[in-house]
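The structure appears below as structure tokens.
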Amino acid sequence: MYGNDGLLGEVEAAEEALRDAAGRQVSGSEGLEEYFTAVIEADQKIEPRDWMPDSYRKTLIRQIAQHAHSEIIGMQPEGNWISRAPSLKRKAILLAKVQDEAGHGLYLYAAAETLGVSRDELVQMLLEGRQKYSSIFNYPTLTWADVGAIGWLVDGAAIVNQVPLCRCSYGPYARAMIRICKEESFHQRQGYEILHTLAHGTDGQKALAQDSVNRWWYPSLAMFGPPDADSTHSAQSMAWKIKRFSNDELRQRFVDMCVQQAEVLGLTLPDPDLRWNEERQAYDYTQPDYDELKRVISGDGPCNRQRMAHRRGAHAEGAWVREAAAAYAKKRSR
Ligand code: BYC
């Protein structure tokens with residue numbers, strides 16, 4: 001019913017492939033660059049101690065940091081509903097989910113640190129606006145149904161994007177993604193279940209769920225990034241096997257997955273031109289507004305200022321915790 005069982009199977013397969021790769025040797029390559037290329041070609045993993053081109057390192061730092069920041073900023077829209085969840089059970093589930101996002105942020109900062117950049121530097125870059133986070137978290141959560149739509153659509157899009165990252169050529173990122181995808185699939189299911197409950201409730205509840213899907217559909221499609229023709233990094237990232245599919249390929253996969261799920265929910269996707277294309281064996285759909293995506297990425301979305309102000313405030317308020325933890329670690333090491 002949730003539609004992500006196949007994706008979870010792909011995560012299992014990627015985990016198996018990772019174990020296999022660890023046992024294989026890459027031979028017949030002299031020189032650092034040749035070795036790097038041979039490892040990628042053999043679907044082996046590049047590890048932190050291996051030589052890598054500077055641009056590979058920079059691309060990974062940019063992508064993993066942006067991903068980590070997204071997990072941390074992504075706690076805000078949902079955190080907004082913890083104190084207003086409709087029952088104790090819903091509240092406990094949401095609390096656990098938001099806590100999971102913090103954990104994902106930590107795995108990802110740790111993966112980025114293996115590339116020679118410190119977590120402090122990364123956080124500083126986020127706070128100074130020198131690194132980005134996902135566009136999607138600049139939209140407001142206006143009703144409880146938005147918690148459901150975030151789970152179904154936002155986490156659903158995140159999984160479709162992230163499952164191929166379990167096969168990323170950089171070992172620490174691939175390993176972090178396996179764990180994250182397993183947890184993320186629960187997140188998607190909890191959102192789906194919230195929407196299913198609302199969609200099968202009173203007329204008012206169903207309307208709330210529909211309104212929420214109407215608002216989150218296109219921003220979720222935009223999460224996959226600009227169309228392939230405008231994607232600056234895709235070609236190189238795919239050659240390095242960091243990305244395995246293009247932005248448009250993943251967006252299409254997400255649309256195809258959602259259509260059936262929307263039918264089970266009894267909700268409508270807000271796209272009058274959505275229809276099955278027999279020739280392509282895929283759904284035709286209306287593209288999101290990429291000018292809006294550009295505006296949101298460059299800081300002019302509905303909630304950018306609020307999200308960053310909140311993050312800066314939380315960072316400043318947490319200074320004493322970081323200092324105390326550092327002092328305690330120093331004392332223990334003595
Ligand atoms: N938002 O060349 P392109 C989650 C930027 S949610 C902001 O196609 P690339 C979660 C891009 O960085 C999601 N910026 O880039 C779920 C680049 O920037 P520069 C987090 C975007 O990297 C629930 C420029 O536009 N997931 O985890 O090849 C709760 C050109 O794009 C966006 C990830 O981060 C966007 N939507 O492909 C909590 C997954 N799209 O060069 C958390 C990992 C593009 O100007 N990331 N840009 O600095 C990726 O897979 C890829 O980085 C992307 C973009 C597919 C997002």
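The figures that follow rest on heavy atoms only: side chains count, while hydrogens, waters and symmetry mates do not. The structure presented is a predicted model; accordingly, all values stated were derived computationally and were not measured.
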- Message: Assess the residue pair H104 and H187 against the criterion (ring-ring contact (aromatic ring centres under 6.0 Å, His included)); give the C-alpha distance rounded to whole Å, side-chain angles, the decisive distance to 0.1 Å, and a yes or no.
- Response: CA-CA 12 Å; H104 296 174; H187 294 179; 5.7 Å; yes
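- Partners of R49 by salt bridge (charged side-chain N to carboxylate O under 4.0 Å, His left out), not counting sequence neighbours: none found.
- Counting side-chain heavy-atom gaps under 4.5 Å among Ile, Leu, Val, Met, Phe, Trp and Tyr, the cluster of W320 also holds V321.
- Counting heavy atoms of neighbouring residues, nucleotides and ligands inside a 6.0 Å radius, atom CD of E128 exceeds 12 of them.
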- Task: Please lay out, stage by stage, how D256 and R253 fare under the test salt bridge (Lys or Arg N to Asp or Glu O under 4.0 Å).
- Result: CA-CA 5 Å; D256 293 346; R253 191 173 181 185; over 6 Å; no
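- By the 6.0 Å contact criterion, CD on Q281 is enclosed, its count of non-hydrogen atoms from other residues, nucleotides or ligands being greater than 12.
- More than 12 heavy atoms of other residues, nucleotides or ligands sit less than 6.0 Å from atom CD of E47.
- Judged as a salt bridge (Lys or Arg N to Asp or Glu O under 4.0 Å), the pairs with a partner in residues 144-166 (not counting sequence neighbours) are, in order, K97-D155, D146-R215.
- The six-membered or imidazole ring of Y109 lies away from that of H67, with a centre-to-centre distance of 6.0 Å or more.
- Applying the 6.0 Å contact sphere to CD of Q287 captures more than 12 heavy atoms from other residues, nucleotides or ligands.
- Between E193 and R189 there is no salt bridge, since no side-chain nitrogen of the basic residue lies less than 4.0 Å from a carboxylate oxygen of the acidic one.
- A search for side-chain contact (heavy atoms from CB on, under 4.5 Å) contacts involving L208 returns T143, A145, not counting sequence neighbours.
- L293 and I150 sit in two unconnected hydrophobic clusters of ILVMFWY residues. Membership requires side-chain heavy atoms under 4.5 Å apart, directly or through other members.
- Environment of CG in N277: crowded, with over 12 heavy atoms of neighbouring residues, nucleotides or ligands closer than 6.0 Å.
- L32 and W240 fall within a single hydrophobic cluster, where Ile, Leu, Val, Met, Phe, Trp and Tyr are joined by side-chain heavy atoms under 4.5 Å apart, directly or via other members.
- Residue pairs meeting the salt bridge (Lys or Arg N to Asp or Glu O under 4.0 Å) criterion with at least one member in residues 218-242, sequence neighbours excluded, are D43-K241.
- Every pair tested for salt bridge (Lys or Arg N to Asp or Glu O under 4.0 Å) that includes a residue from residues 315-334 fails, sequence neighbours excluded, so the list is empty.
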